[in-house]
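Notes follow the structure.
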Amino acid sequence: MGNLSTSSIHADDFLNRVTDVAPPINVSTTFRYDNDKLIPSGEVSGSIETDKPPVYSRESHPNATRVEAVLTSVLGGPCLAYASGLSAYYAILTYLRPKKLFIAECYHGCHLAAELFSKVSGMQILSFEDIDQECSAHDLVHIEDPMNPFGESCNVVKLVKKVHAKGGLVLIDSTLAPPPLRNPWEFGVDIVMHSGTKYLGGHSDLLSGVLCFKDPSWAAEIKMQRMIMGTIPASLESFLLLRSLRTLKVRVKQQSENCEALVKHLANHAGEVSGVLAHVRHGSLQPEEYVKELNQGGYSPVFSIILKHPEQCKKLVKRVQIFQHATSLGGVESLIEWRSLSDPSIDKGLLRLSVGLEDIHDLIADLFGVLKGLQRELEEQTD
Ligand SMILES: Cc1ncc(COP(=O)(O)O)c(C=O)c1O
């Protein structure tokens, strides 16, 4: 089923077990065997077959199976769902066991997960600058694009070609640009990862992660490892994620449009608040042609502003009314975060914004109104 709007609503229809239109939440951890089809486990073929009856919920359960059927269709490759984005990331490191991981500035939690994996495996953690000298067969390059917290892009296609020429593999963390914004398989990557907690979930009410891989032969072993680690998402979360995927296209498209309009307003009117606003950073402001190519379906609904003084950040987050001061991103409600509260390595003047589905005029009035108020106060002080 190729069309995103249809597949996100119907790709799991073949898994209907009852007549309910909204699938039930199945809470059982164990499932009765079919006594007419008793096959020893060693003789069952190893793949992520969605029609295989569930046995025990650490391995699979109906709600996760349904969500994986939709994700497989929506993301365009075999998918496994996880209890969080970081557990999905740890799972792929465990499966691939790369000797070297090349990783740039990105979500700091992925750095922490890589460091933890490095402690148990001896994996070396290197930067993108080391790829030319150090990358060889089976090493892994982790690209986050668009990148946290700016929503900016790097030249993914060029990087993928370079890594493949050395025999390495490329994982893209596409959390900040889910479908319909882009299809990362077009960039040549080997693995697509999402924190499903963000846009796929979309309502700030569930934790989940997703791995999607190009090579279907990986699926059975990765699924077996997930069963051992117990990192399948629980039934309620799987149900909520499925519910959310039904509206993925309309939500993300509108959030992207809202974000681009807000960024444009800030960039065009920056001169009016020049005592407060130092920079606006977002993919839509990057001039490079490759950035436009990567983001043909729309830019990420995440961007950052850098204020001149950290004290102004504290005042701004207190005064905005619609933007909620909270970490995370991707939900229907707009969030703002003074990023220093959760990322120790970040510029202390940086505020990250995740643009939601509120009316764009209200969003502009809320954020720009507070910036203008801060500017006025500054001018009054210097008068
Ligand atoms: C880009 C990115 N990748 C991965 C993660 C980790 O996801 P989770 O919080 O679902 O474990 C996050 C979380 O903020 C993220 O922003």
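Order of appearance sets the numbers: ligands from 1, and atoms from 1 within every ligand.
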(message) For atom 3 (N) of ligand 1, what is the closest protein heavy atom, and at what distance to 0.1 Å?
(response) Asp173 OD2, 2.6 Å

(message) For the CZ atom of Phe323 and the CG atom of Asp362, what is their distance to the nearest 0.5 Å?
(response) 10.5 Å

(message) Run Asp190 and His164 through side chain to side chain donor-acceptor pair (under 3.5 Å) and show every step you take.
(response) CA-CA 10 Å; Asp190 303 287; His164 282 172; 2.8 Å; yes

(request) State which residue, out of Leu262, Leu266, Asn268, fulfils the side chain to side chain contact (heavy atoms under 4.5 Å, CB included) condition with Lys264. (result) Asn268

Enumerate donor-acceptor pairs with a distance under 3.5 Å from any side-chain N or O in residues 97-107 to protein atoms, sequence neighbours excluded.
| unit_1 | atom_1 | unit_2 | atom_2 | d |
| --- | --- | --- | --- | --- |
| Lys100 | NZ | Glu134 | O | 3.1 |
| Lys100 | NZ | Glu134 | OE1 | 3.2 |

(message) Regarding ligand 1, does Leu207 bring an N or O atom to under 3.5 Å of one of the ligand's N or O atoms?
(response) no

(message) At less than 4.0 angstrom from any non-hydrogen atom of Lys198, what atoms of ligand 1 do you find?
(response) 12 (C), 13 (C), 14 (O), 16 (O)

(message) Show me which atoms of ligand 1 lie under 4.0 Å from any heavy atom of Asn148.
(response) 1 (C), 16 (O)

(message) Under 4.0 Å from a heavy atom of Ser208: which atoms of ligand 1 are those, numbered in the order shown and with their elements?
(response) 10 (O)

(message) Please report the interatomic distance CD(Glu152) to CD(Glu144), rounded to the nearest 0.5 Å.
(response) 12.0 Å

(request) Heavy-atom contacts with Thr197 under 4.0 Å: which atoms of ligand 1 show up? List them by number with element. (result) 8 (P), 10 (O)

(message) Which residues pass the ring-ring contact (aromatic ring centres under 6.0 Å, His included) test with His269, not counting sequence neighbours?
(response) His265, Phe368

(request) Measure the distance from atom 6 (C) of ligand 1 to every protein heavy atom, then report the residue, atom name and distance (to 0.1 Å) of the closest one. (result) Tyr107 CE2, 3.5 Å

(request) Give yes or no for whether the N/O distance cutoff of 3.5 Å, strictly under, is met between Leu86 and ligand 1. (result) yes

